[in-house]
Amino acid sequence: MEEVWVAGAAMNRFGKMAESGREAAARVALEAIERSGLRPEDIGYTFLSNAFGIAERQAHLGPLLNTALGIPDVPSATIESACSSSSAALHEAYVHVAGGFLDAALVVGVEKLSHLDTLAATSYFAMGADYAFESRNGATFPGLYATLAAAHMQRYGTRPEELGAVAVKNHENASHNPHAHFQKPISLQTYLSSPPVALPFRLYDCCPFSDGAAAVVVVNPRRYRKELRSVPAAIRASARTGSIAALQDRSDLTTLPASVRAGEIAFRQAKVERSDIDLMEVHDCFTLAEILALEDLGFYPRGQAARAGAEGETAVGAKLPVNPSGGLKAKGHPVSATGAAQVVEVIEQFNGRAGERQVSDAQWALTHNVGATGGSCSVHIFERV
Ligand SMILES: CC(C)(COP(=O)(O)OP(=O)(O)OC[C@H]1O[C@@H](n2cnc3c(N)ncnc32)[C@H](O)[C@@H]1OP(=O)(O)O)[C@@H](O)C(=O)NCCC(=O)NCCS
């Protein structure tokens with residue numbers, strides 16, 4: 001297998017975009033290519049994620065993006081895997097470069113739904129769940145994850161204040177991230193007094209609806225090492241897994257089996273230990289999801305991640321910085337852009353460009369991106385080159 005490096009990455013500010021998804025995708029893609037030191041014509045394939053493009057009446061965005069980049073003859077494919085779409089696209093790019101089929105690939109994730117109201121956006125998102133059994137019967141993503149949270153609270157005694165600690169930490173981190181949707185810290189009191197959404201979840205347990213775009217350039221360093229402009233990240237593991245999609249078919253609601261297996265595969269591929277990881281971007285679409293990720297990936301024994309977080313172990317500057325970008329919770333979650341944006345944070349950290357959220361001497365980083373409530377998952381492990 002060939003080595004695979006991330007040579008450059010870029011994103012826009014998440015939140016409400018004035019421009020279309022198509023325009024934003026082209027803008028961040030060009031920025032990522034420029035930052036990498038490559039030229040658009042070096043790209044051999046574009047793997048694009050845009051799960052809800054239909055909300056803008058636009059499918060098959062890849063050829064339009066490549067045309068805007070001046071490379072209309074380059075092939076493209078749309079990769080959809082709900083909230084883990086662009087990490088699935090990154091996996092495809094990795095496989096192509098590692099297998100020697102490509103020397104350079106572009107991964108782009110983009111989403112725009114801010115022109116829809118909350119009801120419409122919630123209905124679109126619910127299409128990523130089991131429509132026949134969950135969504136059609138009224139289940140929404142806040143409701144489904146709230147069910148997981150209730151199960152975790154019942155089994156392990158997880159407390160609202162411990163969920164709140166995740167929100168407080170991630171809003172604090174996002175307040176130092178110019179790309180974040182929310183850039184204002186919140187207090188635990190603000191969290192506890194925020195309105196209920198789907199109990200036990202309150203407003204600040206939930207990621208927001210965000211527009212956004214993110215892009216990543218992946219290369220074979222044997223071909224492109226000399227051109228590179230940024231400190232690259234070598235992809236030491238790229239794991240993709242699947243699992244039972246619908247909650248009603250599962251035997252245990254306190255774990256996401258796809259995360260467990262993706263973590264196991266990734267650590268085997270990378271040949272590193274959990275203790276080697278300097279920072280992680282994990283899938284915290286709801287506060288409970290960050291706690292599940294830390295337990296499923298093997299960083300904490302079951303039932304212990306929530307307390308460790310509340311004691312400050314996962315803050316920037318502490319033992320294991322988790323979601324220094326602010327995570328989905330506060331940086332925002334434009335579904336298809338999220339996986340690629342996690343990689344943007346890794347590259348910012350490896351290049352020492354993360355300002356007040358910088359993790360010092362970061363050498364190894366992990367990204368974890370879940371599709372819906374765990375029907376799919378990607379885990380990538382990166383080493384600073
Ligand atoms: C929580 C949620 C229901 C709130 O939506 P809403 O009630 O329509 O909220 P609004 O858009 O009217 O915003 C009301 C205020 O809350 C803020 N806000 C909205 N969502 C927020 C969130 N998730 N966290 C923090 N603040 C939020 C807004 O900025 C606004 O603040 P302002 O009054 O100071 O301007 C919505 O954000 C949601 O459903 N999030 C989950 C999305 C999801 O399921 N994603 C898929 C995950 S798998």
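Hydrogens, waters and symmetry mates play no part in the numbers below; they use all other heavy atoms, side chains included. Both ligands and their constituent atoms are indexed starting at 1 by order of listing.
Here Arg268 does not pair with Glu264 in a salt bridge; the nearest charged N to carboxylate O distance is not below 4.0 Å. Electrostatic pairing of Arg202 and Asp205 does not count as a salt bridge here, judged by no charged N lying under 4.0 Å from a carboxylate O.
Applying the salt bridge (Lys or Arg N to Asp or Glu O under 4.0 Å) definition to pairs two or more places apart or across chains, those involving residues 349-364 are Glu345-Arg357, Glu348-Arg353.
Residues Ala233 and Ile347 share a closest heavy-atom pair of CB-CD1, 3.7 Å.
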Could you check ligand 1 for N or O atoms lying under 3.5 Å from protein N or O atoms and list the pairs with distances?
unit_1: ligand 1; atom_1: 8 (O); unit_2: Thr118; atom_2: OG1; d: 2.5
unit_1: ligand 1; atom_1: 23 (N); unit_2: Cys206; atom_2: O; d: 2.7
unit_1: ligand 1; atom_1: 23 (N); unit_2: Cys207; atom_2: O; d: 3.1
unit_1: ligand 1; atom_1: 23 (N); unit_2: Pro208; atom_2: N; d: 3.3
unit_1: ligand 1; atom_1: 24 (N); unit_2: Lys329; atom_2: NZ; d: 3.2
unit_1: ligand 1; atom_1: 40 (N); unit_2: Cys207; atom_2: O; d: 2.8

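For the pair Arg155 (side chain) and Ala150 (backbone), a donor-acceptor distance under 3.5 Å is absent.
Judged by distance alone, the side chains of Ser20 and Glu56 never bring a donor and an acceptor atom under 3.5 Å apart.
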